[in-house]
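Structure first, commentary second.
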2 protein chains.
Amino acid sequence: MAARKPRTSVRGRVTIEEVAAAAGASTISVSRAFRGSARLSPDLRARIENAAAALGYVPDRAASALASARSMNVAVLVPSITNMVFVDMLAGIDAVLSQARYQIIMATTNYCPAEEQRQLHGLLAFRPDGVLLTGIDHLPGTLNLLKAPALPVVHMMELNHQVGSYSVGFSQDEGGAAIARHFVGRGYGRIGFVAAQLDPRTLARGAGFRRALKEAGLDAPYELMVPDRSSIALGATLLDRVLTECPDIEAVFFCNDDLAHGALFRCQRLGIAVPQRLAIAGFNDLPASSWTVPALSTVATPRHEIGRKSAAMLLDLMCGRTPEAARLDLGFTLHARESS
Amino acid sequence: MAARKPRTSVRGRVTIEEVAAAAGASTISVSRAFRGSARLSPDLRARIENAAAALGYVPDRAASALASARSMNVAVLVPSITNMVFVDMLAGIDAVLSQARYQIIMATTNYCPAEEQRQLHGLLAFRPDGVLLTGIDHLPGTLNLLKAPALPVVHMMELNHQVGSYSVGFSQDEGGAAIARHFVGRGYGRIGFVAAQLDPRTLARGAGFRRALKEAGLDAPYELMVPDRSSIALGATLLDRVLTECPDIEAVFFCNDDLAHGALFRCQRLGIAVPQRLAIAGFNDLPASSWTVPALSTVATPRHEIGRKSAAMLLDLMCGRTPEAARLDLGFTLHARESS
DNA sequence: GGCCTAATTGTTAGCGCTAACATATTTTGC
DNA sequence: GCAAAATATGTTAGCGCTAACAATTAGGCC
């Protein structure tokens, strides 16, 4: 017995056992005190907290996870953190999960489904209690990984219409359509769509844009789509190509604000009047968009709220509660500004 | 004995034991196979890998960490991830650490030393093998937390001259001085310094800026410093205040590019000619800075490289190797563009 | 008081994995 | 051909914590 009860841990860390000894309590009571459990007299709790503070005790999540089958980790997969959109979403997620004592374990997929599966596999080693995925398009293998441990999953940014799946987002397709209708309302004739980083959400925006133009009886738009990662520099480059390939263009929908900013700056540089000579619209409403001159027309997306609500929904699922709705549409807001 | 060897794990997860049984090997061999250890015949290794793949085995980091006293986690603390600078740094860190099979456990401090300590305490529950901290100014309690477990630490972004500490960065002070000398070289007379989010790095830039102006025999600059978080919107607001409070100002150094962009946009809006009427400079060289019209003069910081080198240095320390240098100065580059 | 219920605290047995120490098995040197 | 060294594989005992149960104490009521 003595061998099983070292008063000083082997590895030089303060363990629950030392705290228990110092507080004159049992290990399980220390464990309970740290998990905020009820069923502990104020006196014992105080003694334990004092002892823990004095010894500098830090709980060990690994041991806790192993013993309890709950890791209090949540795996989050986002395409990129260089994209402000996902950073805002992450902030929303963290706000809700850290409140509930969960820790985010995050990885980036680089917009690649295969990389998503690889990264998820890696994150599963943390035995997360739930998973947040960006988007609704995943490899079969990715979803398979989640089946065996029956992990709760919430899909973010898009709306998943598959039964049994949970999602929080808005209709990317409708967002694209909103820009199209705005262009139509302003009377633009020759219209273009420029996209990069052709992820499912970008493509959905393009589809909605096209559909709405068609519904309004207009010609199919001029389209320029490249697989490269979106950036301001790429937006500038693509604007040049648009002007070369389609000189009579009147309005262009750039699939996101990064590209639109690049195009806007390029127009300034070239002395092209926006919106008189060329109207420009973006998507997402980044902070810069309302400050550029001219201010950028764009669709504001509720990404922070998407993060919050996704986390809340996952929290429900992880606690065995049934979320109010399996699909939460948070909508979007068209901001018609000076650039169109 | 039979009770200690369940062929199917209690929790429905595939365990190392089931893989071992399926491959006709011992558990330790499976463990060795997954840690890429040598001392395994190609035949056994193949059998284990096949069995693991067939069963869908995912290792359990919690159990591994508990058994081995190595978590393969690295705790990283950054002020914010809404700031591109730290995102770039994180990308550099991740590139190196994921290569070495380490996982980043990240938290944000919101530029607050007390929050840094709180978050570090939380991350220590992951028993990280090393820690990366942003900056060199920390609460005594923060450093104390790292003392007991004798955790390797590398400080990022600034250079720490304290003996026994490791840091990778550049001289923020010199960066500020570089802008000052640039302004002096261009012959500007009435000069200003505008700062927000007064973290130690911002203050160091200001100090260097001031020092260099003094060395050049100029008057002390007009200064406007506010504690708010930096943003484009704030940059625009502060520009208005600068013009009101100091109408004859000729050149302003904004402590970062976000503020400078806001100021630049505001000048465009107000019809203030940059740099003719007012010269503007920023700090960090964000992607937009070379595309704005006029292009923004700024100091490019090697933040991605700082991330890479910090991670590499920490890797050395975690493996018990001694890094080549305890302090790595990666410098910076002044980009004198159109705005000044 | 005596009996019951409820609240509080403790004991025991692992969670899944790996370090440290055996134990085969093969290779090498002479 | 045989001991010594090198290589390959296995056995055992926990890592620090918590679930499940057990035991103890306090409170309530007639």
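Below, chains carry the letters A, B, ... as their sequence lines are ordered, and counting in each starts from 1.
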How close or far is atom P of D/dA26 from atom CG of A/Asp43, stated in whole angstroms? 12 Å
Straight-line distance of A/Tyr166 OH to A/Leu159 CG, nearest 0.5 Å: 15.0 Å
Side-chain N or O of A/Thr27 less than 4.0 angstrom from OP1 or OP2 on D/dC17? no
Do the non-hydrogen side-chain atoms of B/Met89 and B/Val78 ever get within less than 4.5 Å of each other? yes
Describe, in one word, how the ring planes of B/His138 and B/His155 are oriented to each other, choosing from parallel (under 30°), tilted (30 to 60°) and perpendicular (over 60°). tilted
Value in whole Å for how far the C1' atom of D/dC15 lies from CD of A/Glu18: 13 Å
Side chains of A/Pro200 and A/Ile136 in contact at under 4.5 Å (non-hydrogen atoms): no
Flag the pair A/Val14 / A/Val58 as yes when at least one side-chain heavy-atom distance between them is below 4.5 Å, and no otherwise. no
Has B/Ser29 got a side-chain N or O lying under 4.0 Å from the OP1 or OP2 atom of D/dA8? no
Rounding to a whole Å, what distance do you find between B/Arg45:CZ and D/dA8:P? 10 Å
To the nearest Å, give me how far apart CD (A/Glu17) and P (C/dT12) are. 13 Å
Between atom CZ in A/Arg61 and atom P in D/dC17, what is the gap in whole Å? 13 Å
Nearest-angstrom distance from the residue atom CG of B/Leu44 to P of D/dT9: 5 Å
Provide, to the nearest angstrom, the distance between the CD1 atom belonging to A/Ile16 and the C1' atom belonging to D/dC15. 14 Å
Can you list, by residue number, the residues of residues 46-60 of chain B that have a non-hydrogen atom closer than 4.0 angstrom to DNA chain C? B/Tyr57, B/Pro59, B/Asp60
Would you state whether a donor and an acceptor, one from the side chain of B/Arg32 and one from the base of D/dG10, lie under 3.5 Å apart? yes
Numerically ordered, the residues 62-70 of chain A set in heavy-atom contact under 4.0 Å with DNA chain C is A/Leu66, A/Ala67
Nearest to the side chain of A/Ile28, heavy atoms from C-beta on, is which of C/dG10, D/dG10, C/dT18? C/dG10
Looking only at side chains, do A/Arg229 and A/Asn83 share a donor and an acceptor under 3.5 Å apart? no
Phosphate-side-chain proximity, B/Ser26 and D/dT11, N/O vs OP1/OP2 below 4.0 Å: no
Kindly indicate whether the side chain of B/Arg127, heavy atoms from C-beta on, has any atom under 4.5 Å from the side chain of B/Asn73. no
N/O (side chain, B/Arg35) to phosphate O (OP1/OP2, C/dA19) under 4.0 Å: yes
Among residues at least two apart in sequence or on other chains, which ones pass salt bridge (Lys or Arg N to Asp or Glu O under 4.0 Å) with B/Glu49? none
Would you say A/Ser31 and A/Arg35 are linked by a side-chain donor-acceptor pair, where the criterion is simply a distance under 3.5 Å? yes
